[in-house]
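Comments concern the structure below.
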Amino acid sequence: MPLVTTTEMFKKAYNGGYAVGAFNVNNMEIVQGITEAVAEEHAPVILQVSKGARAYANHNYLVKLVEAALVCNPDMPIALHLDHGPDFETCKSCIDGGFTSVMIDGSSLPFDQNIELTKRVVEYAHDHGVVVEAELGTLAGIEDDVQVSAEDSSYTRPEEVEEFVSRTGCDSLAIAIGTSHGAYKFKPGTKPQLRFDVLHEVEQRLPGFPIVLHGASSVPQEYVKMINEHGGNMPGAIGVPEEQLREAAKSAVCKINIDSDLRLAMTGTIRQFFMEHPDKFDPREYLKPARANIKELVRHKLVNVLGCAGKA
Ligand code: G3H
Ligand code: 13P
Ligand code: ZN
């Protein structure tokens, strides 16, 4: 099976009360860790590439790595998605270069400009058989080189979503309900709580329409501890409680983005390896356990958080 779009995946996820995991990929070990778990758990998957990932690893390397995963697992439904496309040109380059889905992130623009930009990307993408995710509302945290403070972030305004979706023709919509990018999502001592009231109002206004959650890492404390116990310093790293993500996955949320958790697993594992084996210098020796831990983390998400195991 070639790379697929998210259309069928989202239809099944919406009706089945689960979400598809969208995992960011930056190198071979991350692609392998994710797709090995996905293959064993028979889950659909979205592999997503940010502007930063393209700058780091090169567009062609990432496309070929994802295609290699498909060669190894020919029956696996995999979509290749541009994460946080910053402008029309980047989206066009990914559409022309083999992606099956792109996000145009106009969330920092005024409403009408966001619509105008999104509509332009949708027209080009749909002409080329590619689907488009758009965003309304701003998340706090860091994405690529843009940092948004908690004060500058804002929840999606449900009263805007119908007009936005009908005027742009986008295929899915990312909304802001209290998640944020990175490993420091909530102030220590405060109770993390997503705005399910906003989500449910959006859901009612857009029946059958797939919603996307960004910034949905749960920041597993076992990996924060592993990092801190092996030379790292990440005090107060807190993520979204997994029960709340599980709850969201049962609603109109069809795509849940996870990147920071993979980074924590990889970094914690490598830090521990170096402390325990100061004499080792073969990258294969420390990347192997890092890849294995990414695989187990992704398996846990598929089975216990997203609910998409066995849905491929
Ligand atoms: O939302 C951003 C993703 O976590 C990608 O991060 O821009 O550092 O690749 P990146
Ligand atoms: P996290 O930083 O919570 O993993 O979010 C990733 C994301 O939203 C990618 O677009
Ligand atoms: Zn994001």
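With Asp83 as the fixed residue, the side-chain contact (heavy atoms from CB on, under 4.5 Å) test singles out one of Met103, Arg54, Lys51: Met103. Of the listed residues (Ser93, Ser50, Ser101, Cys94), just one forms a side-chain contact (heavy atoms from CB on, under 4.5 Å) with Leu82, and that residue is Cys94. Checked options Val253, Val202, Leu213, Ile211; the residue passing with Ile177 is Leu213 (criterion: side-chain contact (heavy atoms from CB on, under 4.5 Å)).
Distance SG/Cys170 to CZ/Phe209: 4.0 Å, rounded to 0.5 Å. Remark: Ile34 CD1 to Leu262 CG distance equals 5.5 Å, nearest 0.5 Å. From Glu135, atom CD reaches atom OG of Ser172 across 10.5 Å, with rounding to the nearest 0.5 Å. In this structure, the separation between CD on Gln32 and CZ on Arg291 is 4.5 Å, given to the nearest 0.5 Å. Here the straight-line distance linking atom CG of Asn26 with atom CG of Leu62 works out to 7.0 Å at 0.5 Å rounding. If you take CG on Leu117 and CG on Asp87, they are separated by 8.0 Å, rounding to the nearest 0.5 Å.
Proximity of Thr269 to Tyr286: side-chain heavy atoms (C-beta onward) are nowhere separated by under 4.5 Å. Within the 4.5 Å cutoff, side-chain heavy atoms of Val303 are placed close to those of Glu41. Counting heavy atoms from C-beta outward, Tyr124 and Asp96 have side chains that approach closer than 4.5 Å. Side-chain contact between Val63 and Asn60 is absent, with no heavy atoms from C-beta onward closer than 4.5 Å. Under the 4.5 Å side-chain criterion, counting only non-hydrogen atoms from C-beta, Glu229 is not in contact with Arg271. In this structure, Ile238 and Val219 have side chains that are not in contact, with every pair of non-hydrogen atoms separated by 4.5 Å or more. Side-chain contact between Glu247 and Leu194 is absent, with no heavy atoms from C-beta onward closer than 4.5 Å. In this structure, Ser217 and Lys185 have side chains that are in contact, with non-hydrogen atoms separated by less than 4.5 Å.
Under a hydrophobic-cluster definition in which Ile, Leu, Val, Met, Phe, Trp and Tyr are linked whenever side-chain heavy atoms come within less than 4.5 Å, directly or via other members, Tyr61 and Leu70 are assigned to different clusters. Hydrophobic cluster membership is shared by Val305 and Leu302, with clusters built from Ile, Leu, Val, Met, Phe, Trp and Tyr side chains linked at under 4.5 angstrom. Phe10 and Val165 fall into different hydrophobic clusters, where Ile, Leu, Val, Met, Phe, Trp and Tyr side chains are chained together by heavy-atom contacts under 4.5 Å. Residues Leu65 and Leu3 share a single hydrophobic cluster, defined by chaining ILVMFWY side chains whose heavy atoms lie under 4.5 Å apart. Residues Phe186 and Ile256 are members of one and the same hydrophobic cluster, defined by side-chain heavy-atom contacts under 4.5 angstrom among Ile, Leu, Val, Met, Phe, Trp and Tyr.
Listed for the Thr90 side chain is no donor-acceptor partner under 3.5 Å among the backbone atoms of Gly85. Between the Asn257 side chain and the Gly215 main chain, no donor and acceptor come within less than 3.5 Å of each other. Between the Glu203 side chain and the Ala252 main chain, a donor and an acceptor come within less than 3.5 Å of each other. With Asp105 contributing its side chain and Pro86 its backbone, the two residues share no donor-acceptor pair below 3.5 Å. Without hydrogens or angle criteria, Thr156 side chain to Leu136 main chain gives a donor-acceptor distance under 3.5 Å. Side-chain atoms of Gln244 come within 3.5 Å of backbone N or O of Pro192 as a donor-acceptor pair. In this structure a side-chain-to-backbone donor-acceptor pair under 3.5 Å is missing from Thr118 to Ile115. Using modelled atom types, no side-chain atom of His81 and backbone atom of Ala22 make a donor-acceptor pair closer than 3.5 Å. At distances below 3.5 Å, at least one donor-acceptor pair connects side-chain atoms of Thr179 with backbone N or O atoms of His214.
Around the CZ atom of Phe274, the shell of radius 6.0 Å holds more than 12 heavy atoms that belong to other residues, nucleotides or ligands. Around atom OH of Tyr56, no more than 12 heavy atoms belonging to other residues, nucleotides or ligands sit under 6.0 Å away. Counted within 6.0 Å of CZ on Arg157, heavy atoms from surrounding residues, nucleotides or ligands total 12 or fewer; the atom is thus considered open.
For the residue pair Tyr18 and Cys308, the shortest heavy atom distance occurs at CD1-CB, 3.5 Å. Annotation for Ser154 and Ala176: closest pair O-CB, 3.3 Å, computed over non-hydrogen atoms. Across all their heavy atoms, Ser218 and Glu242 have their closest contact at OG-OE2, 3.1 Å. Residues Val45 and Gly21 come closest through the heavy atom pair CG2-O, 3.8 Å.
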- After noting the C-alpha distance and the side-chain angles of His277 and Glu285, does the key distance pass the side chain to side chain donor-acceptor pair (under 3.5 Å) rule? CA-CA 10 Å; His277 307 279; Glu285 290 189 89; over 6 Å; no
- Dump the intermediate steps for salt bridge (Lys or Arg N to Asp or Glu O under 4.0 Å) on Arg167 and Asp112, then the final yes or no. CA-CA 10 Å; Arg167 281 178 61 193; Asp112 281 321; 3.4 Å; yes
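Electrostatic pairing of Glu89 and Lys92 does not count as a salt bridge here, judged by no charged N lying under 4.0 Å from a carboxylate O. Using a 4.0 Å cut-off between a side-chain N of Lys or Arg and a carboxylate O of Asp or Glu, Glu8 and Lys12 do not qualify as a salt bridge.
In the model, Asp259 has no side-chain atom that pairs as donor or acceptor with a side-chain atom of His181 under 3.5 Å.
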